[in-house]
Amino acid sequence: MDLRDYVAALRKRWYIVAVLAIVGAGAAFAQAHSSPPQYRAQSTVFVSIAKGGTTQELVQGSTFTQEIVQSYAKLATMPVVLDQVIYDLDLDTTSKALAEEITAENPLDTVIIEIDAVATTSTGASDLSNAVADELTTTITNLSPSSNKKSAVEVTVVARADPPQEAFAPRTRLAALVGFTGGFGLGVAIAVVRALLDTRVRTAGELEQLTDVGLLGAIPRRRGQGRVRGAVTAIDPHSVASEAYRRLQTNLQFLDASSQVRSMVVTSSIGGEGKSTTSINLALAIAEHGQRVLLIDADMRRPAIADYCGLEGAAGLTTVLIGKAGLDDVVQVWGERNLHVLTMGEIPPNPAQLIGSLRMADLLEETRASYDVVILDSPPLLPVADGAILSRLTDGALVVANCRTIHRPQVLEAIDSLEAVDARCLGIVANQVRDTAAHTYYGQPERGWFGGLFGGILRPQAPQQHGYPAAGS
């Protein structure tokens, strides 16, 4: 993935990042807001020698005090001091627990001990700091060497703690910012990981970048009309989807300047990607330009053309292949008089043998001689080899890819299956693409299910012609 892919992944899954950032900020704010306030108060103790008659004695005393003052500071968090503090203040705690609330530090090159105490109340913090300072002076005096029953070290509380005005914790704003940052980072990580693990193709642009095979068309998703199959070009000729099929027909004309594509297989990687619908509408779009088109249902596993077109399907391709009827006897005219359809007929027990038979190749040669364009709806490429075999007998294959269901490895494997048999892949047709324009050829918005439900009430609709083109003989 490059930088553009990471940006696209974040744009696609921005809601994950937003939700986790908000949840993180909210959780941190709630946790901080529910925590008890913390106050800190500080008292200061000064340590000096008790006496010094000469300059030399003063220097020696000062050096002694600086060397030992750090040890005195550590006494502030020891039971010898804190047990008496607990007794004096009548605290319900232990010296070990209380030591976590006390900090005694000796600034560098000084004989000063700064005692910080933390409590949940302002006065509690100051009382605790002062009590520790008082008890520390007593303890140091008792532990220091003495001369003539008088301690050699003198300890004085030079600054008593005052009750602080504000609590130093919790800092709700900082906690919320930290929670927001953490949630944001977690959301970004999840979005990127999902993008790395997600192999589903979702846009026509992803298909175009996936392979060197050209993207010949992008058929938009028909919101609220997902069950409408078959001839959308005939049912709703001014829809976005109908115009997309016409653009596909136009792109096919420019596919090869040296020779026109006259026969093609329409297939897909797996089932349910819209290959039969694409076959029907592409045939209609080509027939609109006056070319004689023959649409053949060559899917001997699950034929669908007869059902989608509303045609009789008892006799068709298999009937011709086994010699029970001639081509002209079973071909049906559908819609425009230059659009003919050869349905599947009876499902054979040996589709692969019929597809690869010499009679099938001869039949395709016969149809190419009689029609300007021959379109075959074949089975998907990955489950069976019928589509790849038929592609070798024609000018190539159009691979339909459903952007709601297909995965990248499946598309690549389907194209590889064509290359493995030296068949030509004419291009990819992206189906069920999200319609960002949302406008038809005449500028009317494509209505979703919500718009379709209330559109008739809110504004009058022009009458539309529904139904399939009438079948001819």
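Using a 4.5 Å heavy-atom cutoff, the side chains of I102 and V118 are not in contact. Looking at heavy atoms from C-beta onward, S279 lies in side-chain contact with L295 at the 4.5 angstrom threshold. You'll find the side chain of Q165 stays beyond 4.5 Å of the side chain of S122, heavy atoms only. The closest side-chain heavy-atom distance from I305 to I296 is not below 4.5 Å. You'll find the side chain of L216 stays beyond 4.5 Å of the side chain of I428, heavy atoms only. For the pair Q249/L282, a side-chain contact is recorded, criterion being any heavy-atom separation below 4.5 Å from C-beta on. Looking at Q432 and I219, their side chains never come closer than 4.5 Å, going by heavy atoms from C-beta outward. A 4.5 Å side-chain heavy-atom check between T250 and L252 finds every atom pair outside the cut-off.
In plain terms, the two heavy atoms of G316 and L342 that are nearest each other are C-CD1, 3.7 Å. When all heavy atoms are compared, the tightest approach of A298 to L390 is CB-CD1, 3.6 Å. The shortest heavy-atom contact between A176 and F29 is CB-CB, 4.1 Å. Contact between A104 and A73 at its shortest, heavy atoms only, is CB-O, 3.3 Å. Of all non-hydrogen atoms in R392 and V421, the two that sit nearest each other are CD-O, 2.9 Å. The nearest pair of heavy atoms linking A315 to V330 is CB-CG1, 3.9 Å.
Of the possible donor and acceptor atoms, one in the side chain of N281 sits under 3.5 Å from a partner among the backbone N and O of T277. A donor-acceptor pair under 3.5 Å is formed between the side chain of S391 and the backbone N or O of G387. Looking only at distances, a side-chain donor or acceptor of W334 sits under 3.5 Å from a matching main-chain atom of C309. No donor-acceptor pair under 3.5 Å is formed between the side chain of D297 and the backbone N or O of P303. Under the 3.5 Å distance criterion, the side-chain polar atoms of E312 are matched with a main-chain donor or acceptor of A314. Distance alone, capped at 3.5 Å, is enough to place a donor-acceptor pair between the N338 side chain and the A287 backbone.
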Using distance only, find each side-chain donor-acceptor pair of residues 263-273 under 3.5 Å and give its atom names and separation, not counting sequence neighbours.
| unit_1 | atom_1 | unit_2 | atom_2 | d |
| --- | --- | --- | --- | --- |
| S263 | OG | R368 | NH1 | 3.0 |
| S263 | OG | D395 | N | 3.2 |
| T267 | OG1 | P379 | O | 2.7 |
| S268 | OG | I270 | O | 2.7 |
| S269 | OG | Q410 | O | 3.4 |
| E273 | OE1 | N402 | N | 2.8 |
| E273 | OE2 | S269 | N | 3.0 |
| E273 | OE2 | I270 | N | 2.9 |

Using distance only, find each side-chain donor-acceptor pair of residues 14-22 under 3.5 Å and give its atom names and separation, not counting sequence neighbours.
none

List, one per line, each side-chain donor-acceptor pair under 3.5 Å for residues 188-208, sequence neighbours excluded.
| unit_1 | atom_1 | unit_2 | atom_2 | d |
| --- | --- | --- | --- | --- |
| D198 | OD1 | R200 | N | 3.0 |
| D198 | OD2 | R13 | NH2 | 3.2 |
| D198 | OD2 | R202 | NE | 3.2 |
| D198 | OD2 | R202 | NH2 | 2.8 |
| T199 | OG1 | H407 | ND1 | 2.9 |
| T203 | OG1 | E206 | N | 3.1 |
| E206 | OE1 | R202 | N | 3.0 |
| E206 | OE2 | K12 | NZ | 3.1 |

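Between the side chains of D116 and T103, no donor-acceptor pair of N or O atoms lies under 3.5 Å. At a cut-off of 3.5 Å, with distance as the only test, no side-chain donor of S129 or S126 sits close to an acceptor on the other residue. Residues S276 and D377 have side chains that bring a donor and an acceptor to within less than 3.5 angstrom of each other.
Tested against Y371 for a side chain to side chain donor-acceptor pair (under 3.5 Å), the candidates E366, R262, H340, Q291 yield a single pass: H340. Of the options V429, V411, L381, L426, a side-chain contact (heavy atoms from CB on, under 4.5 Å) to V399 is made by L381 and by none of the others.
For the atom pair CD (E114) and CD (Q42), the distance works out to 4.5 Å, reported to the nearest 0.5 Å. The structure places CD1 of I280 at 9.0 Å from OH of Y245, a figure rounded to the nearest 0.5 Å.
Shown here are the side chain to side chain contact (heavy atoms under 4.5 Å, CB included) partners of A97, two or more places apart in sequence or in another chain: T93, T94. For Q38, there are no side-chain hydrogen bond (donor to acceptor under 3.5 Å, both in side chains) partners, not counting sequence neighbours. Remark: N350 pairs with P348, Q353, L354 by the side chain to side chain contact (heavy atoms under 4.5 Å, CB included) rule, at least two apart or across chains. With sequence neighbours left out, A8 forms a side chain to side chain contact (heavy atoms under 4.5 Å, CB included) with no residue at all. Legend: residues meeting side-chain hydrogen bond (donor to acceptor under 3.5 Å, both in side chains) with T343, ordered by chain and number and at least two apart, are absent. Taking the side chain to side chain contact (heavy atoms under 4.5 Å, CB included) definition, one finds that T181 meets it with L177, sequence neighbours left out.
Crowding of R302 atom CZ: a count of heavy atoms from other residues, nucleotides or ligands under 6.0 Å not exceeding 12. For CG of D329, the number of neighbouring non-hydrogen atoms (other residues, nucleotides, ligands) closer than 6.0 Å is greater than 12. Surrounding CZ of R404 are at most 12 heavy atoms belonging to other residues, nucleotides or ligands under 6.0 Å away. When the shell of 6.0 Å around CD of E346 is examined, it contains 12 or fewer heavy atoms from other residues, nucleotides or ligands.
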### Message
The test is side chain to side chain contact (heavy atoms under 4.5 Å, CB included); show your working for I375 and L294 and say whether it passes.
### Response
CA-CA 6 Å; I375 299 175; L294 176 62; over 6 Å; no
### Task
Go through T233 and R246 one step at a time and tell me if the side chain to side chain contact (heavy atoms under 4.5 Å, CB included) criterion holds.
CA-CA 9 Å; T233 305; R246 295 187 182 100; 3.9 Å; yes
### Task
Could you give me the CA-CA distance, side-chain angles and deciding distance for I86 and D92, then say whether side chain to side chain contact (heavy atoms under 4.5 Å, CB included) is met?
CA-CA 8 Å; I86 293 173; D92 185 16; over 6 Å; no
#### Entry: Criterion side chain to side chain donor-acceptor pair (under 3.5 Å) on T367 and S370, from CA distance to verdict
CA-CA 5 Å; T367 56; S370 304; over 6 Å; no
### Task
Please test V374 against T394 for side chain to side chain contact (heavy atoms under 4.5 Å, CB included), starting from the C-alpha separation and ending with a verdict.
CA-CA 9 Å; V374 178; T394 61; over 6 Å; no
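For residues 260-281, the set of pairs meeting the ring pair (Phe, Tyr, Trp, His ring centres under 6.0 Å) definition, not counting sequence neighbours, is empty. Sorted by first and then second residue, the salt bridge (charged side-chain N to carboxylate O under 4.0 Å, His left out) pairs involving residues 415-428 (not counting sequence neighbours) are D256-R424. For the side chain to side chain donor-acceptor pair (under 3.5 Å) condition, no pair includes a residue of residues 315-325, sequence neighbours left out.
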